[in-house]
Amino acid sequence: MADGKNAKPAAGSASNSAEVLDRLYATVLARKGGDPDSSYTAKLYSRGTAKIAQKVGEEAVEAILEAVRGDKAALAAESADLLYHLLVLWADAGLDPAEVWDKLAQREGTSGIDEKKARKP
């Protein structure tokens, strides 16, 4: 019987929801200025924005490849890597996830076609 500490949450539970991104972002922020020899996140920060952005691109390509291959488990893993690196990029840029969530909320219920037209000058 699990003691609750190490039990994995059921799929779709609050612990598995988008809230995990906020917790991960807090962890990523806490690693800023940390020891690059003991933290991969701190190592990314120490290498600069261009390297962080490169990692986001690499992970995006890997996720795309797994989607094309039809490997759902690998796509989930690569998507997790992509989201992690994106959060590091946001933190590096001083962008709080709440700003992104607000943008998504503003677009909710709006056709993608209409939203793109509204962005054009």
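Numbering of residues begins at 1 and proceeds along the displayed sequence.
Taking all atoms of both residues into account, the shortest heavy-atom contact from L29 to A91 is CD2-CB, 3.8 Å. Pairing each heavy atom of E59 with each of D81, the nearest pair is OE1-CB, 3.2 Å. Shown here for P97 and L87, the closest heavy-atom pair between the two residues is CG-CD2, 4.4 Å.
Side-chain atoms of Y45 and S39 form no donor-acceptor pair, as typed in the model, at a separation below 3.5 Å.
Considering CG of D22 and CH2 of W101, their distance stands at 6.0 Å, rounded to 0.5 Å. Rounding to the nearest 0.5 Å places CG of D92 at 4.0 Å from CD1 of I52. With rounding to the nearest 0.5 Å, the separation of NZ in K55 from CZ in R47 is 8.5 Å. Rounding to the nearest 0.5 angstrom, the gap separating the NZ atom in K32 from the OG atom in S46 is 13.0 Å. Interatomic distance, OH of Y25 versus CG of L86, reported as 10.5 Å (0.5 Å rounding). In this structure, NZ in K51 is found 9.0 Å from NE2 in H85, a value given to the nearest 0.5 Å.
By the 6.0 Å contact criterion, CD on E99 is enclosed, its count of non-hydrogen atoms from other residues, nucleotides or ligands being greater than 12.
L95 is connected to Y84 through a chain of hydrophobic side-chain contacts under 4.5 Å among Ile, Leu, Val, Met, Phe, Trp and Tyr, so both are in one cluster. A continuous path of hydrophobic side-chain contacts links V100 to L83 [ILVMFWY only; heavy atoms under 4.5 Å]. V56 and L65 fall into different hydrophobic clusters, where Ile, Leu, Val, Met, Phe, Trp and Tyr are joined by side-chain heavy atoms under 4.5 Å apart, directly or via other members. Both L21 and L104 are part of a single hydrophobic cluster, where members link through side-chain heavy atoms under 4.5 Å apart.
Side-chain contact between R31 and V88: absent, with no pair of heavy atoms (C-beta onward) separated by less than 4.5 Å.
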Any chance you could lay out the side-chain contact (heavy atoms from CB on, under 4.5 Å) test for W90 and V28, step after step, and finish with the verdict? CA-CA 10 Å; W90 291 353; V28 162; over 6 Å; no

